[in-house]
2 protein chains.
Amino acid sequence: MTIAPLKNEPSSRDRILDVAEELFARRGYSGVGMKEVADGVGLGKSSVFHHFKSKAELYAAVCIRILARIEDRFVRSLAAGGTPAVRLDRCVGDLLDVLAEHPTHARLLLRSMFEDDDLPDDGPEGRAVYEAVGGILEPFSSLLKEGMSAGEFRLASVSHVMLLLIGPIVFPFASGEFGQQVLGKDVFDAAQVRRLKSELLDLVRVGLHAPSAE
Amino acid sequence: MTIAPLKNEPSSRDRILDVAEELFARRGYSGVGMKEVADGVGLGKSSVFHHFKSKAELYAAVCIRILARIEDRFVRSLAAGGTPAVRLDRCVGDLLDVLAEHPTHARLLLRSMFEDDDLPDDGPEGRAVYEAVGGILEPFSSLLKEGMSAGEFRLASVSHVMLLLIGPIVFPFASGEFGQQVLGKDVFDAAQVRRLKSELLDLVRVGLHAPSAE
DNA sequence: ACTCATTCCGACCGATCGGTCGGTTGGTCG
DNA sequence: CGACCAACCGACCGATCGGTCGGAATGAGT
C-alpha cells in the first residue's frame with residue numbers, strides 16, 4: 001500500500017522532522033545545516049532534499065506541525081464548557097502542559113516569531129503558519145472579550161493583555177539553561193512544571209479578575 | 001590624546017557595535033555575517049576584525065553593552081526608596097521604558113538566552129555576561145522576598161515568580177511583527193507602550209498583592 | 001627625519017553553506 | 001518479464017562563511 005504507511009516504524013519524513021525540530025529549537029534556522037539534519041537522521045544530505053525541496057520548506061513544516069499540535073489541544077480545551085474564568089484557567093493550564101511535554105516547542109515557537117525573515121511569508125507554507133496562529137489567537141481573544149462583558153474579568157484592552165499573557169506562558173519553557181539557573185532545577189521536571197503552573201494560574205486568576213463585582 | 005577620544009563623532013568601534021546590535025537582533029548570531037556588519041558600518045571586513053578579534057567576541061560585546069544599560073537603569077530605580085510594592089512598580093515600569101526606548105534590546109536579550117551555545121561561556125566575556133545578569137536578577141529576587149516577608153506580596157516561590165515575570169516584561173518588545181499584528185499598531189509607538197505598561201502594572205500589582213492583609 | 005602605534009584595506013585561505021545532478025537500489029504494478 | 005517510482009546516495013557546484021596576512025596610509029612623539 002502506498003497510501004497507508006501504517007507501520008509502527010516512523011517514516012523517514014517524520015524522522016527528519018523530529019531531528020530538524022530538535023536542532024532548529026536549539027540553534028535556530030541559520031544555525032543548523034542540512035548536512036547536520038541528514039546526519040542526525042542517518043541519511044545523505046540529498047535524501048533530505050528529496051523529502052523537502054528546500055531548507056525553508058523543512059523549517060515551515062516543523063513549525064506547522066508544532067502549531068497544529070498546540071492548536072489541537074487548545075481548541076479542544078476551549079470547547080469544553082464552563083464560565084469564561086473556568087475555561088481560561090483550563091486552557092492556560094493545558095497550554096502549559098503541551099509546552100512542558102515537548103521541550104522543543106516553546107523555544108521554536110519564540111524563535112519563529114523572531115525569524116520571520118527566514119520564513120517564505122508569501123508562499124503557501126507561510127499562509128498555513130499564519131492561519132494556525134490565527135486559529136489559536138482568535139478563540140483566545142474571544143474568550144477574554146466574553147469574560148469581560150460577562151463581568152468576570154476586569155475591563156482591559158484585549159489585544160494588549162493577550163500580548164502580555166503570551167510571555168509568561170511561553171517564556172519559562174523556552175528559557176533553557178537560563179531558566180534552569182534561575183530555578184536551580186530543570187524547568188521540565190514534573191515538580192517544577194506543577195509549581196510554575198500553579199503560580200501562573202494564581203497570577204492570571206487574580207490579575208484578570210474583576211475587582212468589585214464577583 | 002590617545003586615552004581621551006572625547007570627540008562627538010562616535011568611534012568606529014561604537015559604530016560597529018551599533019550596526020552589529022541591530023543585525024544580531026534582527027537575524028540572530030549565525031544569521032549575520034561579518035561582511036554584512038562591515039558593509040553596514042562602511043568598513044572592510046578585516047577592519048572589523050581589527051576591533052573585535054572574533055565574531056563571538058563582537059557578539060559578547062554587544063550583549064554586555066545592552067546588559068550594562070539595563071542594569072544601570074534598573075539598580076538606580078531599585079535604589080530609590082519606597083515600600084517594596086512601590087519599588088516593584090517603579091522598577092518594572094523603568095525596565096519597560098528601557099526596552100521600549102531601544103527596540104533591539106528585548107529581542108537580542110531573548111535571543112542570547114537561546115543561543116548560549118554561541119557564547120564562549122567559559123571565556124572572560126561569558127563571565128561578564130553572567131555577572132551582569134546576576135546583577136539584575138539578584139536585587140530583583142531580594143525585592144520580592146522583602147515584599148513577601150513584609151506582608152505586601154502574597155507568599156509564593158520567588159524563583160518561579162521571577163521566571164514568570166520576565167516573560168510579559170521582555171516578550172512584547174521582542175515580538176516584532178507578531179506583536180504588531182496582534183495589536184494592530186507598532187509595539188514601540190508611545191501610546192502602545194503606555195498601554196502595555198499600564199496593563200502589565202495592573203496585572204503585577206493585583207497578581208502579587210497579598211490577598212487578605214493590606 | 002625617524003619611529004611607532006593605530007586604523008584601515010584587498011587578497012586570500014580552508015571550510016561549509018544550500019542546492020543540483022546522474023545514477024542505483026528495491027518494491028509494486030501490468 | 002519490463003516499466004515505473006519513491007527513496008536514497010556520492011560527487012559536485014558557486015557562493016559565502018569566519019578568519020589571516022602583508023602592506024598602505026595617518027598622525028603623534030622624539
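Hydrogens, waters and symmetry mates play no part in the numbers below; they use all other heavy atoms, side chains included.
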| field | D/dC8 phosphate, OP1 or OP2, under 4.0 Å from A/Ser12 side-chain N/O | value | yes
| request: Quick one: label A/Val41 by what it contacts on the DNA or RNA (base, sugar-phosphate, nothing), any heavy atom closer than 4.0 Å. | output: nothing
| Integer-rounded Å distance: C/dA11 C1' and B/Phe49 CZ | 15 Å
| note | The reported gap from CD in B/Glu21 to SG in B/Cys63 (rounded to nearest 0.5 angstrom) is 9.0 Å
| said: Looking at every non-hydrogen atom in both residues, tell me the closest pair between A/Arg65 and A/Asp14 and how far apart they are. | reply: NH1-O, 4.1 Å
| Nucleotide C/dG18, atom C1' - distance to NZ of A/Lys53 in whole Å | 16 Å
| Once you round it to whole Å, what is the distance between P of D/dT16 and CG of B/Asp39? | 12 Å
| field | Integer-rounded Å distance: D/dC9 P and A/Lys35 NZ | value | 12 Å
| Which of residues 14-25 of chain A have a heavy atom under 4.0 Å from DNA chain D? | none
| message | What's the closest nucleotide to the side chain of B/Leu43 if the choices are C/dC9, C/dT7, C/dG18? | response | C/dC9
| field | B/Arg87 side chain to B/Leu143 backbone, donor-acceptor under 3.5 Å | value | no
| said: Taking donor-acceptor contacts at under 3.5 Å, does the side chain of A/Lys45 reach the base of C/dG19? | reply: yes
| Looking only at side-chain N and O atoms, does B/Ser47 come under 4.0 Å of OP1 or OP2 in C/dC9? | yes
| Side-chain donor or acceptor of B/Ser46 under 3.5 Å from a matching atom on the base of D/dG19? | no
| field | Shortest non-hydrogen contact from A/Arg195 toward B/Ser157 | value | NH2-CB, 3.2 Å
| task | Please report, rounded to the nearest Å, how far the C1' atom of C/dT16 is from the NZ atom of B/Lys55. | result | 13 Å
| task | May I ask you to say whether B/Glu115 pairs ionically with A/Arg26, meaning some side-chain N is under 4.0 Å from a carboxylate O? | result | no
Throw together a table of side-chain donor-acceptor distances under 3.5 angstrom for residues 167-175 of chain B, partners on residues two or more places apart or in other chains.
| residue | atom | partner | partner atom | Å |
| --- | --- | --- | --- | --- |
| B/Ser175 | OG | B/Pro172 | O | 2.7 |
| B/Ser175 | OG | B/Gly179 | N | 3.4 |

| query | Hey, does A/Val48 reach any base, or is it just sugar-phosphate, or nothing, if we go heavy atoms under 4.0 Å? | reply | nothing
| Should A/His50 be listed as having a side-chain N or O under 4.0 Å from OP1 or OP2 of D/dC8? | no
| request: Calculate the interatomic distance between A/Met34 atom CE and C/dG19 atom C1'; express it in whole Å. | output: 9 Å
| Spacing between B/Arg13 atom CZ and C/dT6 atom C1', to the nearest angstrom | 14 Å
| query | Taking 4.0 angstrom as the limit, do B/Asp94 and B/Lys197 come out as a salt bridge? | reply | no
